[in-house]
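Data first, discussion second: the structure below is written as structure tokens.
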Amino acid sequence: MSRVLVTGGAGFIGSHVADALLQRGHPVTVLDDLSGGDRDNVPAAASFVHGSVVDAPLVDRLCAEHKFDTIVHLAAYAAEGLSHFIKRFNYTNNVIGSVTLLNAAINTGVRRFVFTSSIAVYGTHADLPLTEETPVHPEDSYGIAKHAVELELKACRDLFGLEYVVFRPHNVYGPRQNIGDPYRNVIGIFMNQILQGKPMTIFGDGAQSRAFSYIDDVAPVIAESVDGDAFLNDVFNLGADQPYTLNQLAAAVADAMGAAPNVVHLAPRSEVQHAYASHAKVRGVSGRRDETPLADGLSRMAAWVRRHGARTGARFEGIEILRNLPAAWRV
Ligand code: UD1
């Protein structure tokens, strides 16, 4: 049994990871500032602390009091496309927040730090799928921040002996996703638009591709890495193998929601066109093998979304650069 701190545990992926850790018998404390997450997502059996990973006195105090064995760090501002336009905010949350946790981890004897990076670290590659051997050259502030933390973890391992595990998930979807967030998670955006009788908005021609990963194929693997040594001091892509274009996705989401495939094409966003990854490496160490087919995952998420209804997410206050901001994000 490991005393685990889950940052971002009121969020979508984090709350599922907290559930999976509790199922494995670990006591869990959740730290979350509720900026994107929801208090109701936190499992009843976990203790909850409302606060930010950027708040160094709070993080130091929490780690000193609880003497965590493991930190599973998921708290982040994860709107990759928007990150170009909120650089200070992005690096404060995603780099300084992570380093604040690392300081406390080293000073209070945490043994293992599990970090959710992203396939955003790879940038554009003609040779797909991306493997862990693919060179990293992130193209946006979010990916750069994630990679900086990956490098920092390696340095902490070498100097302080802090064990690390890095996961690079991608395009995760499922129940508890914040479908009101207008800046990210296209499946939630499409479902929310359908509930409101609006067309699904596709950036560009819709030929860009991603592999959409169902939460139940992702969260249990992150939780598994807290136990044993199989994942130690290594980096793993995590998620679904099968890529789909955005046009294919829109048709599949409409189908799952029982709606007409009503789409509108917007000007393209600055982004990697094709991004999907190989998961041979993680399959080599994880006991989990199955991949939820897209239609099944979408229908489970659609059932949850219908129960919870449409959401109106808050617009981001304090965009730092307006130049070249996609028009859809200006309103
Ligand atoms: C990125 C990362 C992913 C990470 C996620 C975190 C890559 C390749 N992916 O996802 O690892 O988990 O950030 O948030 O680095 N789209 C539309 N219409 C919309 C919204 C989005 O067409 O209204 C399209 C985008 O242009 C994009 C795709 O949907 O091609 C996915 O977008 P999004 O859900 O924002 O995630 P990524 O930027 O791919």
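Every number for a ligand or one of its atoms is a count from 1 in the order of the listing. Source: prediction; values computed, not measured.
Looking at Ala120 against ligand 1, both its backbone and its side chain come within 4.0 Å, counting heavy atoms. At a heavy-atom cutoff of 4.0 Å, ligand 1 is contacted by both the backbone and the side chain of Asn171.
Atoms of ligand 1 lying under 4.0 Å from at least one heavy atom of Ile189, given by number and element, are 20 (C), 23 (O). Near Pro169, meaning under 4.0 Å from any of its heavy atoms, are these atoms of ligand 1: 11 (O). For ligand 1, the atoms sitting less than 4.0 Å from at least one non-hydrogen atom of Ser118 are 2 (C), 3 (C), 4 (C), 11 (O), numbered in the order shown with element in parentheses. Proximity to Ala275 (heavy-atom distance under 4.0 Å) selects the following atoms of ligand 1: 8 (C). Under a 4.0 Å criterion applied to the non-hydrogen atoms of Gln208, ligand 1 contributes the atoms 26 (O), 30 (O).
Of the protein's non-hydrogen atoms, Ala78 O, 2.6 Å is the one closest to atom 14 (O) of ligand 1.
Of the listed options Val218, Val186, Leu238, Val186 places a heavy atom closest to atom 31 (C) of ligand 1. With atom 26 (O) of ligand 1 as the reference point, the heavy atom nearest to it among Lys146, Arg210, Glu271 is part of Glu271.
When all heavy atoms are compared, the tightest approach of Ala310 to Gln196 is CB-CG, 3.8 Å.
Ion pairing between a basic and an acidic side chain is recognised when a charged N comes within 4.0 Å of a carboxylate O; Asp32 and Arg39 show no such pairing. A salt bridge links Asp241 with Arg283; the closest basic N to acidic carboxylate O contact falls under 4.0 Å.
Under a 4.0 Å heavy-atom criterion, Gly81 is not in contact with ligand 1. Within the 4.0 Å heavy-atom cutoff, Val272 does not count among the residues contacting ligand 1. Within the structure, ligand 1 lacks Ala79 among the residues with a heavy atom less than 4.0 angstrom away. At least one heavy atom of Ile119 sits less than 4.0 Å from an atom of ligand 1.
Residue-to-ligand polar distances place Thr201 within reach of ligand 1: an N/O pair is separated by less than 3.5 Å. For the pair Ile202 and ligand 1, the shortest N or O to N or O distance does not fall below 3.5 Å. Checking only distances, His170 never comes within under 3.5 Å of ligand 1, N or O to N or O.
No donor-acceptor distance shorter than 3.5 angstrom exists from the side chain of Ser286 to the backbone of Val282, with no hydrogens or angles considered.
In summary, of the residues considered (Phe68, Phe115, Tyr164), a ring pair (Phe, Tyr, Trp, His ring centres under 6.0 Å) with His73 occurs for Phe115 alone.
The aromatic rings of Phe89 and Tyr77 stand perpendicular to each other, their planes meeting at an angle above 60°, with 30° marking the opposite boundary.
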